[in-house]
Amino acid sequence: MIKTKFKNLFLIKNKNFKDQRGYFKEIIRENKLKKKFPFLVMSYSKQNVVRGLHIQTKNSQGKFVTVIKGKIFDVAIDLRKNSKTFGKVYCCILSEKNTKSIFIPEGFAHGFQALEKENYVIYSCTKYREKNSEVTIDIYDKDLNIKWPIKKKIISKKDKKGITFQKYKEVYL
């Protein structure tokens, strides 16, 4: 586990066991993170797709994110009100090749941009999704100043309606 400047946000270098048949990869070890992950989901995204930036305002989820095929530019924003890194952005590349995963604790908004033709992402979540408490933050927010690697983006209708970081602070904090 690789610590970051964000409390409880970890980058994980997974163990890969390769031989002539292919490879076997350890992805998540609950005993190391001391978290339970009852909700497992997967997404498939074409190149240029941006998903997020999502957070649940009630019963926020911690997320363990792994790419099983492809490559993504992953983004986490600290929205924990009393955190030293409140409002700061953490970005990294996750891919099948670099075998890295990320654990994003509760209280962070999360999103990513798909960088390859086919991208399969698994999310192990600490809580179930509560659709009615999900908020989307605008990926173009000037206060967050995220440097998305690909200019041309494919964004869902819902995510295009994301609110500003300032609006999030006014309404939810």
Side-chain angles (χ1 to χ4, degrees), residues 1-19 21-45 49-116 118-137 139 144 146 156 159 168 172-173:
M1 289 189 354
I2 304 161
K3 290 184 178 184
T4 67
K5 68 178 183 178
F6 295 79
K7 186 177 179 183
N8 297 325
L9 186 141
F10 299 102
L11 200 57
I12 294 97
K13 180 73 173 155
N14 297 310
K15 288 186 179 179
N16 231 1
F17 303 94
K18 292 182 183 180
D19 65 20
R21 300 168 295 163
Y23 66 84
F24 175 86
K25 180 176 10 180
E26 288 183 1
I27 295 177
I28 189 168
R29 302 266 317 245
E30 289 181 353
N31 63 332
K32 291 203 177 195
L33 287 168
K34 297 177 179 48
K35 294 279 184 182
K36 294 286 182 194
F37 298 92
F39 189 49
L40 178 66
V41 295
M42 187 184 102
S43 70
Y44 164 77
S45 300
V49 166
V50 175
R51 294 184 184 270
L53 301 158
H54 303 139
I55 185 167
Q56 288 185 187
T57 56
K58 295 178 185 156
N59 296 314
S60 185
Q61 297 171 305
K63 294 179 182 175
F64 188 96
V65 181
T66 300
V67 174
I68 57 171
K69 182 176 181 175
K71 181 178 174 180
I72 64 171
F73 175 75
D74 201 78
V75 178
I77 304 160
D78 190 350
L79 298 177
R80 300 171 296 181
K81 190 165 125 178
N82 298 319
S83 171
K84 291 178 184 176
T85 51
F86 175 78
K88 302 287 186 222
V89 177
Y90 180 82
C91 303
C92 64
I93 299 291
L94 304 177
S95 72
E96 175 186 14
K97 288 180 183 167
N98 75 12
T99 71
K100 289 182 181 173
S101 299
I102 188 168
F103 176 71
I104 304 164
E106 294 85 349
F108 277 72
H110 174 253
F112 68 85
Q113 184 173 39
L115 302 178
E116 293 189 353
E118 293 183 308
N119 303 274
Y120 293 89
V121 180
I122 291 181
Y123 316 72
S124 298
C125 303
T126 59
K127 295 195 176 127
Y128 294 100
R129 179 175 178 241
E130 286 192 16
K131 183 180 173 182
N132 294 333
S133 77
E134 191 171 87
V135 173
T136 301
I137 307 239
I139 67 165
L144 299 174
I146 299 167
S156 72
D159 289 353
Y168 177 85
Y172 298 102
L173 298 184

Glu106 vs Gln61 side-chain heavy atoms within contact, under 4.5 Å: no
To the nearest 0.5 Å, how far apart are CD1 in Ile104 and CG in Leu9? 6.0 Å
Quick one: does Lys25's side chain get under 4.5 Å of Phe17's, heavy atoms only? no
Identify the heavy atoms of Ile72 and Ala114 that sit nearest to each other, and give their distance. CG2-CA, 4.2 Å
Does Val67 reach the side chain of Lys100, with side-chain heavy atoms less than 4.5 Å apart? no
Derivation of the side chain to side chain contact (heavy atoms under 4.5 Å, CB included) call for Asn14 and Glu26: CA-CA 6 Å; Asn14 297 310; Glu26 288 183 1; 5.5 Å; no
Determine, stepwise, if the pair Phe112 / Val50 fulfils side chain to side chain contact (heavy atoms under 4.5 Å, CB included). CA-CA 6 Å; Phe112 68 85; Val50 175; over 6 Å; no
In terms of heavy-atom contacts, Asp159 and Gly52 come closest through OD2-N, 3.0 Å
To the closest 0.5 Å, what do you measure between CZ (Phe10) and CZ (Phe103)? 8.0 Å
Could you tell me whether Glu30 and Lys36 make a salt bridge, using a distance below 4.0 angstrom between a side-chain N and a carboxylate O? yes
Do Val121 and Ile68 have side chains that get closer than 4.5 Å, going by heavy atoms? no
Find out whether Phe108 and Ile77 are in side-chain contact, i.e. whether some heavy atom of one side chain is under 4.5 Å from a heavy atom of the other. no
Side-chain donor or acceptor of Arg80 paired with backbone N/O of Lys7 under 3.5 Å: yes
CZ-CD1 distance between Arg51 and Ile139, expressed to the nearest 0.5 angstrom: 12.5 Å
Less than 4.5 Å apart, any side-chain heavy atom of Phe24 and any of Lys15? no
Would you please test Val65 and Asp74 for side chain to side chain contact (heavy atoms under 4.5 Å, CB included) and show each step? CA-CA 9 Å; Val65 181; Asp74 201 78; 4.0 Å; yes
Working to the nearest 0.5 angstrom, can you tell me the gap between Ile102 CD1 and Cys92 SG? 4.0 Å
For Thr126 and Ser60, which heavy atoms make the closest approach, and how far apart are they? OG1-O, 4.5 Å
Mind checking what makes side chain to side chain contact (heavy atoms under 4.5 Å, CB included) contact with Lys97, not counting sequence neighbours? Ser95
Could you tell me which non-hydrogen atom of Leu144 sits nearest to which non-hydrogen atom of Gly87, and how far apart they are? CD2-O, 3.8 Å
Considering only residues two or more places apart or on different chains, which pairs with a residue in residues 52-94 satisfy ring pair (Phe, Tyr, Trp, His ring centres under 6.0 Å)? Phe6-Tyr90, Phe73-Trp148, Phe86-Phe165
Atom pair CD1/CD1 of Ile122 and Ile28 - distance to nearest 0.5 Å: 10.0 Å
Smallest separation among heavy atoms of Leu40 and Ser124, with atom names: CD1-OG, 3.3 Å
Just jot down the ring pair (Phe, Tyr, Trp, His ring centres under 6.0 Å) partners of Tyr123, sequence neighbours excluded, or say none. none
Run through Asn98, Leu115, Leu94 and flag the one making a side chain to side chain contact (heavy atoms under 4.5 Å, CB included) with Lys71. Leu115
Nearest-0.5 Å distance that lies between atom NZ in Lys63 and atom SG in Cys125: 6.0 Å
Test item: Ser43 and Tyr120 side chains (from C-beta on) under 4.5 Å apart, heavy atoms: no
May I ask you to check whether Glu96 and Tyr23 show a side-chain donor-acceptor distance below 3.5 Å? yes
Under a 3.5 Å cutoff, is there a donor and acceptor pairing between the side chains of Ser45 and Asn119? no
Can Thr99 and Lys13 be counted as having a side-chain donor-acceptor contact under 3.5 angstrom? yes
Test Tyr168 against Ile55 for side chain to side chain contact (heavy atoms under 4.5 Å, CB included), laying out the working first. CA-CA 10 Å; Tyr168 177 85; Ile55 185 167; 3.9 Å; yes
Closest heavy-atom pair, Ser101 versus Thr66, reported as atoms and distance to 0.1 Å, is OG-OG1, 2.9 Å
Do Asn59 and Glu130 have a side chain donor and acceptor closer than 3.5 Å? yes
